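Note that the structure is predicted; figures quoted are calculated from it, not measured.
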Amino acid sequence: MVRPVLSAFAVLVALAAPGHAAPLSARIANESVATLCAEEDNVDLRLSAPNVRRFRIEANHPAVIGTIVQDTTAPDFTDCTITDKADFRFTPRNVVMHEDERLKVVGITFDKFWRPEQVPVTVGNRTESGFHLFQLFVKDGTAAPYEFLVMYPVDGYWRIKPRPPAHLPDIVYGTSALIGPIEVMQRPVVNLSAIRFDPATMTFTLTFRAGGSATVKVAEIDRTRVALDVTMDRPVANGPFAGLRSMYVTETNADGARVEWRAAGANRWQEAPVMDFRGGEGIEMKLTRAVPSRHNTSSPDYRFIGFAD
């Protein structure tokens, strides 16, 4: 198990303690659009703040995880007319970039992808270019390596998931996170010019094509959550610094169905169905589900916390 350097609770205590600044707020904009297709990322939440340099992203099990007997993970192309899938062709590859007793790192090139760009990825002293998918597997010596994180170097999408609860053999990805300055190129993306991963510290260093850089550290991975601690070298002054992409058709056919947020100084959470959410501002934000979905039933909720300068 990877032990956190600082737990989420400790982060909040440290930020609230005397001598420490109070947590900052981020503006949450909702750019989501309606869809009938369960394979389309129509949920689009973007976070902006002129002074935020640090924050945490968590993936937590949904509230219904204990009730799942049969997970539903198959694609559902009912009512789908997806037209933005470009067919740039590549030579498929599957490359083990690093492996030791606790971690396995794999880079994958698909036979086709929607963007032609290539981003150099360095792991240790080895650099490769052309990966469409970058995978992290954690080992504990008792079972097969468990994939808990994937990121897409060409468009800057991240997916994370905690270890499954004891009654399930695995869980599935659903919602994706964006980390860094978001630009819209057919869809929201984060353009990267280089990625470096240090297996010893489980830390990514990202170089953004728009300027600036960030580190993304895997701080926690267990049967409750995966946590990523993000530190940017400078705030993103003129646009979103992070976001979430997800899918919503109905409340029972969604990877993310409800937005929850907590304003600075408030003594209550606010919440809204994701398609009715008109935006807000908070020191914390979640994308959750309150009822089981017939699509990606086990996929995790996401949480942003610990905004700081």
Side-chain angles (χ1 to χ4, degrees), residues 1-13 15 23 26 28 41 43 45 47 54-68 71-73 136-138 140 146-151 157-179 202 216-230 242-248 251-252 254-262 268-274 277 280 282-293 295-307:
M1 179 186 299
V2 177
R3 296 293 182 185
V5 174
L6 202 61
S7 70
F9 176 75
V11 169
L12 290 176
V13 170
L15 289 170
I28 311 159
D41 281 345
V43 173
L45 301 172
L47 283 72
R54 294 188 290 122
F55 57 95
R56 170 172 281 204
I57 304 173
E58 292 181 357
N60 300 275
H61 289 305
V64 301
I65 192 71
T67 69
I68 298 174
D71 203 358
T72 305
T73 62
L136 294 190
F137 298 81
V138 68
D140 63 6
Y146 179 71
E147 183 191 84
F148 70 95
L149 180 152
V150 296
M151 71 91 56
Y157 279 58
W158 300 70
R159 287 179 169 179
I160 51 178
K161 61 178 183 175
R163 287 182 177 275
H167 71 286
L168 293 175
D170 198 1
I171 64 171
V172 296
Y173 295 112
T175 298
S176 300
L178 289 163
I179 299 171
M202 296 186 72
V216 180
K217 180 177 176 57
V218 179
E220 203 166 341
I221 162 67
D222 56 31
R223 290 191 183 273
T224 301
R225 68 179 61 83
V226 173
L228 305 179
D229 285 340
V230 180
L244 292 177
R245 299 297 311 283
S246 194
M247 181 281 294
Y248 179 93
E251 191 172 14
T252 57
D255 294 344
R258 300 188 65 80
V259 180
E260 303 171 6
W261 70 103
R262 184 164 65 96
R268 60 178 290 267
W269 282 85
Q270 300 180 73
E271 54 188 325
V274 66
F277 175 54
I283 60 173
E284 188 172 351
M285 186 271 277
K286 302 177 187 177
L287 180 63
T288 68
R289 293 181 299 188
V291 300
S293 171
H295 179 265
N296 289 347
T297 312
S298 65
S299 63
D301 296 343
Y302 274 62
R303 179 190 191 201
F304 282 88
I305 192 173
F307 303 122

Next on the checklist: Evaluate Phe304 against Lys286 for side-chain contact (heavy atoms from CB on, under 4.5 Å), listing each step before the verdict.
Outcome noted: CA-CA 6 Å; Phe304 282 88; Lys286 302 177 187 177; over 6 Å; no

Checklist entry - Do the non-hydrogen side-chain atoms of Pro162 and Pro300 ever get within less than 4.5 Å of each other? => result yes

Checklist entry - Could you give the distance from NE2 (His61) to CG (Leu168), rounded to the nearest 0.5 Å? => result 8.5 Å

Checklist entry - Tyr146 and Arg163: side-chain donor and acceptor closer than 3.5 Å? => result no

Next on the checklist: Test your reading of the model: is there a side-chain donor-acceptor pair from His167 to the backbone of Ile65, 3.5 Å cut-off?
Outcome noted: yes

Checklist entry - Who passes side-chain hydrogen bond (donor to acceptor under 3.5 Å, both in side chains) against Ser298, sequence neighbours left out? => result Asp71

Next on the checklist: Tell me every residue that passes side-chain contact (heavy atoms from CB on, under 4.5 Å) with Thr224, counting only those two or more places apart in sequence or in another chain.
Outcome noted: Asp222

Checklist outcome for this item: Residues at least two apart in sequence or cross-chain that pass side-chain hydrogen bond (donor to acceptor under 3.5 Å, both in side chains) with Asn296, listed by chain then number, are Asp255

Checklist entry - Quick one: side-chain hydrogen bond (donor to acceptor under 3.5 Å, both in side chains) partners of Ser299, sequence neighbours excluded? => result Arg289

Next on the checklist: Quick check against the 3.5 Å criterion: does Tyr302 have a side-chain atom that pairs as donor or acceptor with the backbone of Thr175?
Outcome noted: yes

Next on the checklist: Set out, in order, the CA-CA distance, both residues' side-chain angles and the distance that settles side-chain contact (heavy atoms from CB on, under 4.5 Å) for Phe137 and Leu149, then state yes or no.
Outcome noted: CA-CA 7 Å; Phe137 298 81; Leu149 180 152; over 6 Å; no

Next on the checklist: What I'd like to find out is whether the side chain of Glu260 reaches to under 4.5 Å of the side chain of Thr288, using heavy atoms alone.
Outcome noted: yes

Item to check | Over-ring placement of Lys161 relative to Phe148, 6.0 Å and 45° cut-offs | outcome: no

Checklist entry - Does Gln270 have any side-chain hydrogen bond (donor to acceptor under 3.5 Å, both in side chains) partners at least two apart in sequence or in another chain, and if so, which? => result none

Item to check | Residue list, salt bridge (Lys or Arg N to Asp or Glu O under 4.0 Å) with Glu271, at least two apart or on another chain | outcome: Arg258

Next on the checklist: Would you compute the distance between atom CG of Leu47 and atom CG of Leu244 and round it to the nearest 0.5 angstrom?
Outcome noted: 7.0 Å

Next on the checklist: Are the side chains of Ile57 and Trp158 in contact, using a 4.5 Å heavy-atom criterion?
Outcome noted: no

Checklist entry - Any ion pair linking Asp229 and Arg56 (charged N to carboxylate O, less than 4.0 Å)? => result yes

Item to check | Backbone N/O of Gly306 and side chain of Arg54: donor-acceptor pair under 3.5 Å | outcome: no

